[in-house]
> 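Input: one structure, supplied below.
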2 protein chains.
Amino acid sequence: MKKGTILSVDDDENLQTVISQYLEGDGYKVVTSANASCALERVNNGALDVILLDLVLPDGEGLTLIPQFKEKTSAAIIVVSGKSDTTEKIVCLEMGADDYLTKPFEMRELSARIKAVLRRMEMQVNNNDNESKSESPDKERIDFLNWTLDRAQYQVFEKESGTSLEFTTGEFQLLEALILSPNRALSRERLFELTRDGEFDVYDRAIDIQIARIRKKLVDENNEILKTVRGVGYMFVSKSS
Amino acid sequence: MKKGTILSVDDDENLQTVISQYLEGDGYKVVTSANASCALERVNNGALDVILLDLVLPDGEGLTLIPQFKEKTSAAIIVVSGKSDTTEKIVCLEMGADDYLTKPFEMRELSARIKAVLRRMEMQVNNNDNESKSESPDKERIDFLNWTLDRAQYQVFEKESGTSLEFTTGEFQLLEALILSPNRALSRERLFELTRDGEFDVYDRAIDIQIARIRKKLVDENNEILKTVRGVGYMFVSKSS
DNA sequence: ATCATTTGTTACAAACATGAAACAAAGTTT
DNA sequence: AAACTTTGTTTCATGTTTGTAACAAATGAT
């Protein structure tokens with residue numbers, strides 16, 4: 001559920017309230033500061049993921065805050081400005097901001113930009129990982145028994161014939177989750193976490209039905225690919241072990 | 001290495017030294033003038049890219065210099081002022097300045113503003129280039145099925161007949177994005193990022209409509225070139241897989 | 001064997017995603 | 001300004017996906 005912590009730096013109290021409520025509804029934790037000094041203190045205080053920074057603050061130029069933030073945290077910085085000025089925008093980005101947003105803006109847009117910025121950060125992390133590690137942690141294609149799971153295409157192929165089986169996205173994600181933890185029993189709860197993004201009011205046995213639907217498509221006589229572990233959940237058994 | 005020549009007009013000798021050193025470290029060539037007459041002379045003397053102009057000079061009002069500079073050079077003018085005065089800023093911009101910076105400032109900010117201003121100028125130049133040149137020298141062509149995507153010309157050609165299909169720029173860019181990641185399902189969000197530059201206040205399904213329009217033009221009976229991946233997005237399928 | 005619990009199966013309806021058509025708004029060209 | 005192009009928005013119909021309920025089958029314990 002927790003998607004990240006956001007610090008909003010702005011001296012407009014009303015705006016702060018609106019932002020907080022909206023973003024909290026989105027699943028973020030939100031903290032606010034009304035001025036520069038308070039914000040700097042907060043940055044030292046703990047892990048932040050995104051900083052929303054208004055350039056016009058009562059106690060000093062917001063622009064100079066950007067490099068200071070950059071020094072102390074790896075959080076993404078989204079500048080919120082009253083002016084729609086191309087030069088200022090470029091300057092902000094040049095100084096280390098990650099995005100620039102002009103007031104007034106819609107909450108939906110703010111939310112989208114935060115999401116985009118977080119994703120970009122995540123991608124960077126992943127890329128760095130790939131560079132340092134010789135083996136990529138998440139493979140795009142995963143072979144299992146007579147099939148291949150293609151995570152880029154969201155498809156399952158039959159190895160020999162090469163034909164693709166018609167999996168729905170939901171079925172695919174469940175199978176993917178199981179295959180990524182081979183020979184390990186996963187509870188229905190865990191599987192829910194892995195496949196659905198923050199849903200709660202669902203039927204206990206939705207997973208069971210999904211499993212049944214997958215099995216119907218992944219037929220392999222005596223071999224039970226998706227084993228049910230009574231009282232626990234389900235498990236993908238790979239022959240290698 | 002050479003990024004441009006900058007003329008700094010200011011009578012503060014210490015500041016001039018600091019500016020010169022910093023900007024030279026950035027790869028610029030820097031020349032300085034301590035007063036207006038000297039600056040005007042220097043402007044006649046050779047190609048400049050950026051002029052940093054302090055408004056308070058020993059021999060005359062700096063404001064009146066702006067139009068004089070504009071007449072003689074196409075360099076960008078960044079006004080450096082001791083006062084943080086909105087009215088003065090607006091007047092300067094009205095008279096032809098490209099940016100306005102308040103003392104004291106950080107070198108990093110100055111550097112960023114110079115970069116921004118140069119980039120803006122360059123963009124203008126490029127746009128003019130495109131208008132004047134009808135043919136682009138480097139053609140990057142990508143073949144797919146019965147068509148060829150010409151990224152230089154922003155056109156799609158039918159391989160056999162050689163006729164070009166009428167794609168709008170938006171349609172072209174979307175198709176391009178999909179083709180550049182073949183056999184990979186791309187979410188609408190991702191496609192948005194790839195094709196639009198920082199727009200968010202748009203309809204969720206704008207991509208869908210664009211896809212439909214592309215499909216209408218790229219007809220190939222049984223072959224689904226642009227596959228929709230339900231619950232995810234769209235994918236360009238290349239025959240190789 | 002009998003019972004209780006857990007899981008598999010089927011059918012169904014609500015929710016959802018997508019494509020198509022028509023419209024509207026913004027931008028361009030003439 | 002008018003015609004045209006491009007692109008976003010709305011609406012509707014259709015088909016898919018998935019949660020739910022009900023029941024049958026399987027499993028394990030006593």
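On a predicted model such as this, the values are computed, not experimentally measured, just so you know.
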> To the nearest angstrom, how far is A:Leu191 atom CG from D:dG19 atom P?
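Whole-Å distance recorded here is 13 Å.
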> Please check if any side-chain donor atom of A:Tyr154 sits under 3.5 Å from a side-chain acceptor atom of A:Glu176, or the reverse.
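Not at all, the side chains of A:Tyr154 and A:Glu176 share no donor-acceptor pair under 3.5 Å.
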> Pick one: which of B:Glu166, B:Glu171, B:Glu158 meets salt bridge (charged side-chain N to carboxylate O under 4.0 Å, His left out) with B:Lys217?
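Checked B:Glu166, B:Glu171, B:Glu158 against B:Lys217; only one passes salt bridge (charged side-chain N to carboxylate O under 4.0 Å, His left out): B:Glu171.
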> Please report the distance, rounded to the nearest Å, between CG in B:Leu226 and C1' in C:dT18.
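These atoms are roughly 14 Å apart.
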> If I take atom CD in residue B:Gln210 and atom C1' in nucleotide C:dA20, what distance separates them, rounded to the nearest angstrom?
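So the two atoms are 15 Å apart, to the nearest Å.
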> Any side-chain N or O of B:Arg213 below 4.0 angstrom from OP1/OP2 of C:dA21?
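Answer is no, no contact under 4.0 Å.
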> Using the test salt bridge (charged side-chain N to carboxylate O under 4.0 Å, His left out), find all partners of A:Asp12 that sit at least two apart in sequence or belong to another chain.
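None.
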> Would you mind reading off the distance between B:Phe192 atom CZ and D:dT7 atom P, rounded to a whole angstrom?
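Atom-to-atom, B:Phe192 to D:dT7, this comes out as 12 Å.
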> What is the separation between atom CD on B:Glu189 and atom P on C:dA17, rounded to the nearest whole Å?
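Distance check: B:Glu189 CD to C:dA17 P gives 13 Å.
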> Any side-chain N or O of A:Thr168 less than 4.0 Å from the OP1 or OP2 oxygen of D:dT16?
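Checking A:Thr168 against D:dT16: no side-chain N or O falls below 4.0 Å of OP1 or OP2.
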> What is the distance, to the nearest angstrom, from the CD atom on B:Glu171 to the P atom on D:dT5?
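So the two atoms are 13 Å apart, to the nearest Å.
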> In whole angstrom, what separates A:Ile214's CD1 from D:dT17's P?
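Result: 13 Å.
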> Does either side chain, that of A:Tyr22 or that of A:Ser111, offer a donor lying less than 3.5 Å from an acceptor on the other one?
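Result is no, nothing qualifies.
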> Rounding to an integer number of Å, can you tell me how far B:Gln173 CD sits from D:dG8 P?
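Result: 11 Å.
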> With 3.5 Å as the limit, what N/O pairs link the protein to nucleotides 1-9 of chain C?
unit_1	atom_1	unit_2	atom_2	d
C:dT6	O4'	A:Arg230	NH1	3.4
C:dT6	O2	A:Arg230	NH2	3.1
C:dT7	OP1	A:Gly231	N	2.8
C:dT7	OP2	A:Arg188	NH2	3.2
C:dG8	OP1	A:Arg215	NH1	2.6
C:dG8	OP2	A:Tyr234	OH	2.6
C:dG8	N7	A:Arg205	NH2	2.5
C:dG8	O6	A:Arg205	NH1	2.7
C:dG8	O6	A:Arg205	NH2	3.2

> Decide yes or no on side-chain contact (heavy atoms from CB on, under 4.5 Å) for B:Val156 and B:Ser164, but give the supporting numbers first.
CA-CA 6 Å; B:Val156 178; B:Ser164 105; over 6 Å; no
> Write down the atom of A:Phe172, the atom of A:Asp150, and the distance for their closest heavy-atom approach.
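Distance-wise, the nearest heavy atoms are CZ-O, 3.4 Å.
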